[in-house]
Structures are given as C-alpha cells and as structure tokens.
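The structure appears below as structure tokens.
Below, each value reflects all heavy atoms present in this structure, side chains not excepted, and no hydrogens, waters or symmetry copies. Position 1 is the first residue of the sequence, and the numbers go up from there.
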Amino acid sequence: AGHSIGEWNAMIAAGLVPADAIDGLIARVDLDAIEVPDLVFVALGCGAEQALAAIEGLDGIALSHDNCPHQSVLCGTEAAVAQALARLREQRVLGQVLPFRSGFHSPLLEPYLAPVRRDVERTPLAAPTVPVWSATTVAPYPDDQDEVRNLLIRHLVEPVRFRPLLERLYDEGVRVFVQVGMGSLTGFLDDTLKDR
C-alpha cells in the first residue's frame with residue numbers, strides 16, 4: 001500500500017509493473033510536467049468530514065486527502081481555498097497552504113490527464129507477487145489489467161483515502177506497518193489506530 005504517488009511505488013515493489021518496464025514508465029509518465037494553473041493544496045487540522053462540510057456549496061475545490069482523523073487536505077482555486085479556510089477558522093481549525101501545485105487526487109486534474117492516460121495505457125502490467133492495496137478503493141488492486149489501468153487514472157482524480165485504508169488493513173489483520181522513505185505516514189497511522 002502507499003500514500004499518493006507512493007501507491008505507484010508499491011505497485012513497482014510488488015511487481016505489478018514488471019522490472020523491465022519501470023524505466024519506460026518513469027520516462028513516459030512525467031507527473032511533474034502536468035501544470036494545473038491556480039490550484040493550491042491546503043493541509044487542515046481536521047478530519048475529512050469537517051473539511052467536506054467546510055467546502056459545501058463552493059465551486060473549484062475538493063477533498064484530496066483523508067489522511068487521518070486530525071488531518072485532511074483540500075485542493076482548489078486560491079479563491080475557493082481562501083473561503084474554506086475562513087469557514088474553518090471560525091471553527092478554530094488551523095490550515096496551511098502547501099508550497100506545491102498539481103491538482104493531484106482531485107477532479108480538478110481531469111482536464112490535464114490526456115498524456116498520462118495514453119502513457120498508462122501503454123504500460124505493461126503483471127500479476128503482483130503480493131497484494132497491492134489501493135487508497136482510492138480501500139481494497140486490493142483488481143486482477144484485470146484494464147481495471148488496473150482505470151484505477152491508476154482514478155487514483156489521480158479521486159481523494160487519497162489513507163485513513164480508511166489503514167482501518168481496512170487493520171480489520172484484515174495487518175499489525176505491522178513499515179514506512180519506506182521520508183514523510184509523516186507513521187503519524188497518520190498513530191492518529192488513525194491509536195485506540196486499537
């Protein structure tokens with residue numbers, strides 16, 4: 001399992017993308033080249049439910065990450081993010097605009113995905129050596145290659161549901177979680193499963 005682009009890393013580590021296809025995938029799919037104008041991310045000190053309530057009725061903004069009970073991320077236009085932050089400040093929720101722009105994990109990215117969609121369609125796939133879990137569907141990746149490719153694109157335009165994924169993995173019997181690389185995933189894990 002992975003968080004955000006880490007899910008693609010999990011696919012590679014599990015062999016879902018064959019070793020001889022990795023370099024081609026990386027060369028073809030340049031996610032950094034996707035430029036989405038006027039979209040910002042804001043990390044919030046609240047869960048997804050409260051974040052969704054704060055954006056109700058606003059255009060140009062979406063939940064992009066349900067990380068844990070006390071952190072979620074929104075993606076939207078600067079104006080919509082400012083409105084959401086103002087609503088959340090009234091509820092004493094802190095928020096911080098993040099220093100990068102991409103639109104990943106929100107429907108706002110959809111109009112810019114044609115090149116990525118073509119590249120994903122050409123990527124060879126194989127049966128993974130271990131199950132790979134999706135933070136989009138909160139379930140193992142499907143066996144059908146066309147469904148896998150569809151899920152790869154969905155993962156870019158739908159929220160990262162990391163909190164529900166952790167809960168589901170725990171319910172399935174997982175008791176050991178290892179973070180590979182830097183980041184705050186262990187904090188998300190601790191916040192999500194602290195009482196279990």
Checklist entry - Considering all heavy atoms of both residues, which atom of A1 and which atom of L165 are nearest to each other, and what is their separation? => result CB-CD2, 3.9 Å
May I have the list of side-chain donor-acceptor pairs in residues 41-61 shorter than 3.5 Å, sequence neighbours left out?
from : atom 1 : to  : atom 2 : distance (Å)
Q50  : NE2    : Q91 : OE1    : 2.7

Next on the checklist: Using only atom types and a distance under 3.5 Å, with no angle test, would you say the side chain of R149 pairs donor to acceptor with the backbone of V120?
Outcome noted: yes
Just distance, no hydrogens or angles: give the donor-acceptor pairs under 3.5 Å from side chains in residues 74-85, sequence neighbours left out.
from : atom 1 : to   : atom 2 : distance (Å)
T77  : OG1    : A80  : N      : 3.2
E78  : OE2    : R101 : NH1    : 3.2
E78  : OE2    : R101 : NH2    : 2.7

Next on the checklist: Quick one: does any side-chain atom of R89 pair with a main-chain N or O of G95 as donor and acceptor, under 3.5 Å?
Outcome noted: no
Next on the checklist: Quick check: closest heavy atoms across N67 and T192, and the distance to 0.1 Å?
Outcome noted: O-OG1, 4.0 Å
Checklist outcome for this item: For G181 and Q179 the tightest heavy-atom approach is O-NE2, 3.0 Å
Next on the checklist: Ignoring hydrogens, what is the shortest heavy-atom contact between P111 and L108? Give both atom names and the distance.
Outcome noted: CD-O, 3.5 Å
Next on the checklist: Do the side chains of E147 and R154 get close enough for a salt bridge, i.e. N-O under 4.0 angstrom?
Outcome noted: no
Item to check | Residues D66 and R161 bridged, charged N to O under 4.0 Å | outcome: no
Which atom pairs, donor and acceptor, lie under 3.5 Å between side-chain atoms of residues 129-137 and protein residues at least two apart or in another chain?
from : atom 1 : to   : atom 2 : distance (Å)
T129 : OG1    : A14  : O      : 3.0
S134 : OG     : T136 : N      : 2.9
S134 : OG     : T137 : N      : 3.1
S134 : OG     : T137 : OG1    : 3.4
T136 : OG1    : H155 : ND1    : 3.0
T137 : OG1    : A139 : N      : 3.4

Next on the checklist: Looking at E110 and Y112, would you say the former's side chain and the latter's main chain have a donor-acceptor pair under 3.5 Å?
Outcome noted: no
Next on the checklist: Looking at C68, is its backbone amide N or carbonyl O close enough to the side chain of D191 to form a donor-acceptor pair, meaning the two atoms are under 3.5 Å apart?
Outcome noted: no
Item to check | Electrostatic pair R168-E172, nearest N-O below 4.0 angstrom | outcome: yes
Checklist entry - Looking at CG of N150 and CD of E121, how far apart are the two atoms once the value is rounded to the nearest 0.5 Å? => result 10.0 Å
Item to check | Geometric class of the F188/H3 ring pair [parallel <30°, tilted 30-60°, perpendicular >60°] | outcome: tilted
